[in-house]
Amino acid sequence: MGRSRRTIPEELLLLALDPATGTTAQPQSLDLGLAGAQLVELALAGRIAPDGDRIAVVLPRPTGDPTLDSALELLRRRGSPVRAVHWIGGPRLGLRQTYLSHLERCGMVHAVENQMCGVLPTTRYQATDTAVSRQIRARLDTAIRTGTPPDARTAALAALAHAVGLGKHLYPGNEGRSSRSRLRDLIRHDPMGGLVAHAVMDVQNGVAGQAAAARRPQQGNGTRKAGRAPAPAPAMAVVGQPQSIGDQSRRRGVTRAAVRPSLSH
């Protein structure tokens, strides 16, 4: 894959990076968005394709991007199409840091070491080449302002930006309300971006956990009393990295199944 332009995961991360503070907006959901952005980039490269609500590998040849190729290999090893919501909801340990480190090597950001409360070491990332970030933002602004259907790459980026909650970061306040609404509407212009964006939002809403709980047999006597519906699964709590879903409801004797995707980075 050529490096003449940034990949969608890199663009999403640059959009989320606050140039003043060096922190990323929506860090918890951003981890999900980066996993989804990898799927979109692989689809644009012709390596994967949607199969209903699943993702299928159609060309296992490496792209030349090590992080994308790692994701592609994991999908290939799966052997059969995987649901987008399960892929995105899997553990993404270190994915955001991987992309931040890559952007640092490319000279896009530089790390600033600091301490929290004078004790805990922290690292912030300040943008060093703001021209690229401005170009990325300008593409979104143009699509929002003109209403002209954007290219697939911009449409997918807009869909992911909306899905991870970057709308309020990019277009804050009451004056940004209409822009946030139009950003959301861009989700319809790219089928793959739309599929992935909806999967990101489903994971945040706990849909993956509800599906897993519905499939898992009830423990105990192995039967369910007639007329009694299973307790609904709780919404996913995402802290730092996507976490598994499912709490034990001991008062009712019902075991909620944790989502255990077969794939992880």
Side-chain angles (χ1 to χ4, degrees), residues 5-17 24-56 67-68 71 75 81-90 92 95-96 99 132-133 135-172 176-208 236 238 242:
R5 57 183 170 186
R6 304 260 69 85
T7 64
I8 291 180
E10 293 163 4
E11 290 187 333
L12 184 65
L13 186 52
L14 287 170
L15 278 179
L17 192 64
T24 52
Q26 303 294 332
Q28 294 86 8
S29 55
L30 182 60
D31 293 322
L32 302 175
L34 290 173
Q38 287 187 312
L39 294 180
V40 176
E41 191 65 47
L42 287 170
L44 289 173
R47 295 332 193 251
I48 64 174
D51 182 6
D53 66 345
R54 297 175 183 269
I55 303 298
T67 308
L68 290 176
L75 287 166
V82 59
R83 289 189 66 198
V85 70
H86 287 165
W87 171 265
I88 292 169
R92 301 297 164 206
L95 186 58
R96 188 176 0 139
Y99 276 107
V132 174
S133 297
Q135 291 168 5
I136 296 169
R137 174 67 180 270
R139 283 164 42 211
L140 291 185
D141 291 345
T142 299
I144 287 173
R145 185 178 63 254
T146 64
T148 303
D151 61 274
R153 181 173 294 272
T154 301
L157 180 62
L160 287 163
H162 166 70
V164 304
L166 288 184
K168 291 184 178 179
H169 168 69
L170 298 171
Y171 308 103
R177 184 177 301 172
S178 60
S179 293
R180 293 195 298 270
S181 177
R182 288 192 289 270
L183 178 71
R184 179 196 62 217
D185 292 342
L186 292 176
I187 198 171
R188 71 181 186 274
H189 290 295
D190 179 61
M192 185 65 181
L195 168 66
V196 170
H198 283 298
V200 169
M201 291 185 284
D202 284 346
V203 172
Q204 294 180 82
N205 292 330
V207 171
M236 173 176 280
V238 183

- Note on the structure: In this structure, CG of D141 is separated from OG of S179 (nearest 0.5 Å) by 7.5 Å
- Considering non-hydrogen atoms only, spot the tightest contact between P9 and L34 and give its length. O-CD2, 3.4 Å
- Flag, side chain of Q204 to backbone of A163, donor-acceptor distance under 3.5 Å: yes
- Message: Between R54 and V82 (side chain of the first, backbone of the second, donor and acceptor by atom type, cut-off under 3.5 Å), is there such a pair?
- Response: no
- Test side-chain contact (heavy atoms from CB on, under 4.5 Å) applied to I88 and L39, step by step: CA-CA 9 Å; I88 292 169; L39 294 180; 4.2 Å; yes
- From the list T24, L30, L166, side-chain contact (heavy atoms from CB on, under 4.5 Å) partner of L15 resolves to L166
- Query: Under 3.5 Å, is there a donor-acceptor pair linking the side chains of R139 and T142?
  - Reply: no
- Side chain proximity check, V85 to D53, heavy atoms < 4.5 angstrom: no
- Message: Between Q26 and H169, is there a side-chain heavy-atom distance shorter than 4.5 Å?
- Response: no
- Query: Does the cation-pi check pass for R184 over Y171, that is, NZ or CZ under 6.0 Å from the six-membered ring centre and within 45° of its axis?
  - Reply: no
- Calculate, to the nearest 0.5 Å, the distance between atoms CG and CD1 belonging to L14 and I136 respectively. 5.0 Å
- Query: Which heavy-atom pair separates M201 from I187 by the least distance, and what is that distance?
  - Reply: CE-CD1, 4.1 Å
- Item | Pairwise distance CG(D190) to CG(L160) - rounded to 0.5 angstrom | 9.0 Å
- Side-chain heavy-atom pair L17, S133 within 4.5 angstrom cut-off: no
- Close side-chain approach of I55 to P81, heavy-atom, < 4.5 Å: no
- Are T154 and E11 close enough that some pair of their side-chain heavy atoms sits under 4.5 Å apart? no
- Task: Report the residue from I48, L75, L95, V196 that forms a side-chain contact (heavy atoms from CB on, under 4.5 Å) with Q38.
- Result: L95
- Query: Atom CD of E10 and atom CG of L157: how far apart are they, to the nearest 0.5 Å?
  - Reply: 12.0 Å
- If you round to the nearest 0.5 Å, how far is CG of D202 from NE2 of H86? 10.5 Å
- Message: Taking I8's backbone N and O only, do any of them form a donor-acceptor pair with E41's side chain (distance below 3.5 Å, no angle check)?
- Response: yes
- Item | Separation between CZ of R182 and CZ of R177, rounded to the nearest 0.5 Å | 13.0 Å
- What is the minimum heavy-atom distance between L183 and A158, and which atoms define it? CD1-CB, 3.7 Å
- Item | L140 vs L170 side-chain heavy atoms within contact, under 4.5 Å | yes
- Message: Show the nearest heavy-atom pair for residues A43 and M192, with the distance to one decimal.
- Response: CB-CG, 3.7 Å
- Heavy-atom side-chain contact between D185 and H162 under 4.5 Å: no
